[in-house]
Amino acid sequence: MMPSATPASLSARPDFVAIAKWIRPEAKVLDLGCGDGSLLRHLQEARGVTGYGMEIDDANVLACVKSGVNVLQYDLESGLSGFEDGSFDYVILSQTLQAIRHTERIVNEMLRVGREGIVTFPNFGYWRPRLQVFAGNMPVSKALPYEWYDTPNIHLFTIDDFENFCAGHGIRILERNVMVDGRPVNWMPNLRGSLAVYRFDRA
Amino acid sequence: MPPEGSVGVVNAKLARFEDPIALKSGARLDAYELAYETYGTLNAARSNAVLVCHALNASHHVAGVYADDPENIGWWDNLIGPGKPLDTNRFFVVGVNNIGGCHGSTGPASINPATGRQWGADFPVVTVEDWVEAQSRLATFLGIVRFAAIMGGSLGAMQAMQWAISQPQRVAHSIVIAAAPKLSAQNIAFNEVARQAITTDPDFHGGNYYSQGVVPKRGLRIARMIGHITYLSDDAMAEKFGRERRGVELKFNFDVEFQIESYLRYQADKFAERFDANTYLRITKALDYFDPAAASGGHLSAALASAEARFLVVSFTSDWRFSPARSHEIVKALLDNRLSVSYAEIDAPHGHDAFLMEDPRYHKLIRAYFDNIAREVSAS
């Protein structure tokens, strides 16, 4: 899988701010595809969590070590077999689910090793990508910044798709936060929201 | 001239300990000496000390050169020195030759005070735990209460792990490179072939060859050849030697035909000149016996329950002696204990020996890790 393209500053990541609000202080957190570790660093400082990031890219691993974030250079596609059941309070997968080959396996694994899962993803149902597809092209935007031929995003999906997936896989959605440009979207989120953040557990 | 960035000319020192050490085997050493070197300056708070533990073939000569032997560069000189990843401008670095060694510390070639003759076969079998105990006494002797970090590769990494287990208050960071939590059957098998090569050498004399005026060089040479093969990856050997031949014409005899044969013979000769066979036997045994989980019913997580250190674990993709999967076992046990750990898997082609090489990704990582430790040290 591709390294997550994580912007350096936290303010550029409204999903991080949303996640941080949900995390209980002192929790044990696993951040899959943790990029340069900025979310974990924020959670360590703001929430006092014990956190580990999982990241495959050498430069990101180095960035994590530099910023004092615990990072494990594992390929998360090969599974979380190194972790016991219920090892973590939260397992986070931010902006990565759409780039994972085996979606069901990773979500199941998240809920095996963690009590709760948190995912964030770009909403393909947002009106802008819909318009672009309607106009005849695969969408390219700030949230989906790749051309169709070089995208790491192999499973594009919408908010509705994700909620159907959860319903069909025994997953209970605990909280949802849909945003556009960092502002919450409550009305017609699948059309008006560009970014979705979910917290869920095993139903 | 020492190479650039080197700590320069260094001196080996010798510390003598009169307090008996009870070894894991049940044997006891009433007194012993440890050869060691230090680089950099211990700060006033004595908080910047880093212990570097050596592996099978190395010694306390970790960095720099000797005034009377400028070719003898420390075995980890590419990593340790002023401005290097382990920066001797900021850290006080200690290298120590383990007991049972053959580079100045008390070992099989030392005089047994009970007999007035060299120990030879009578020198006890030593373990990683014994080494850590002896090293901790050296630390106390040097005025070091707690190491900022203890680092090692391979067998050295096992010592860094053992420190975190048996002396948890005395190590802030444990840097475990190219390690395994215990040897596999295959690892032990290679060690046993090496030992058999030595002990069946007619010059071995049951380990008491010193008084015979001979050295079991043939056995030691073969032991070194076997070891050396396990340190390199198939790809690294292919890259370096391939099937390159010494001569143009095939000779159809048993002389050196391929460059790899020539290389192995050269390495073996060099090794047999400077290494003691009795030490080789004991160090391979220390490797075989290392199994911190054994005392906890085979559960490494339970064995590491006492650890408090923060860990950096590093493996190399092409290392088949201690493969990344072996490091994963260590990482898992650390995670089970909620210990602070980072793990990097360096995509390096060199095999087990990669931990001694100057790979930029590897060295940048070690540098970044030590930069953080330096900040902690100066903040404390």
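Note that this is a predicted model, so its numbers are computed, not measured.
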Side chain, backbone, both or neither: which part of B:Arg338 has an atom under 4.5 Å from a heavy atom of chain A? both
Does atom CD of A:Glu45 have more than 12 heavy-atom neighbours, drawn from other residues, nucleotides or ligands, at distances under 6.0 Å? yes
Please verify the inter-ring angle class for A:Tyr74 with B:Tyr343; under 30° counts as parallel, over 60° as perpendicular, anything in between as tilted. tilted
Which heavy atom of B:Lys364 sits nearest a heavy atom of A:Leu62, and at what distance? O-CD1, 3.5 Å
Could you measure the distance from the CD atom of A:Gln73 to the CG atom of B:Asp347? Nearest 0.5 Å is fine. 9.0 Å
Output the distance between atom OH (A:Tyr52) and atom OG (B:Ser342), rounded to the nearest 0.5 Å. 9.5 Å
Member of B:Asp371, B:Ile366, B:Leu365 meeting the side chain to side chain contact (heavy atoms under 4.5 Å, CB included) criterion with A:Val65: B:Leu365
Residue by residue, scan residues 106-116 of chain A and write down, ordered by number, those that have a heavy-atom distance under 4.5 Å to chain B; if none do, write 'none'. none
Check whether B:Asp336 gets within reach of chain A through its side chain, its backbone, both or neither, counting any heavy atom under 4.5 Å. side chain
When A:Asp58, A:Asn70, A:Val61, A:Leu72 are compared by non-hydrogen pairs under 4.5 Å with chain B, the top option: A:Asn70
Please classify the contact of B:Arg367 with chain A as side chain, backbone, both or neither, using a heavy-atom distance under 4.5 Å. neither
I need the minimum non-hydrogen distance between A:Lys66 and B:Ala368, along with the two atoms involved. CG-CB, 3.7 Å
Side chain, backbone, both or neither: which part of A:Thr50 has a non-hydrogen atom closer than 4.5 Å to chain B? side chain
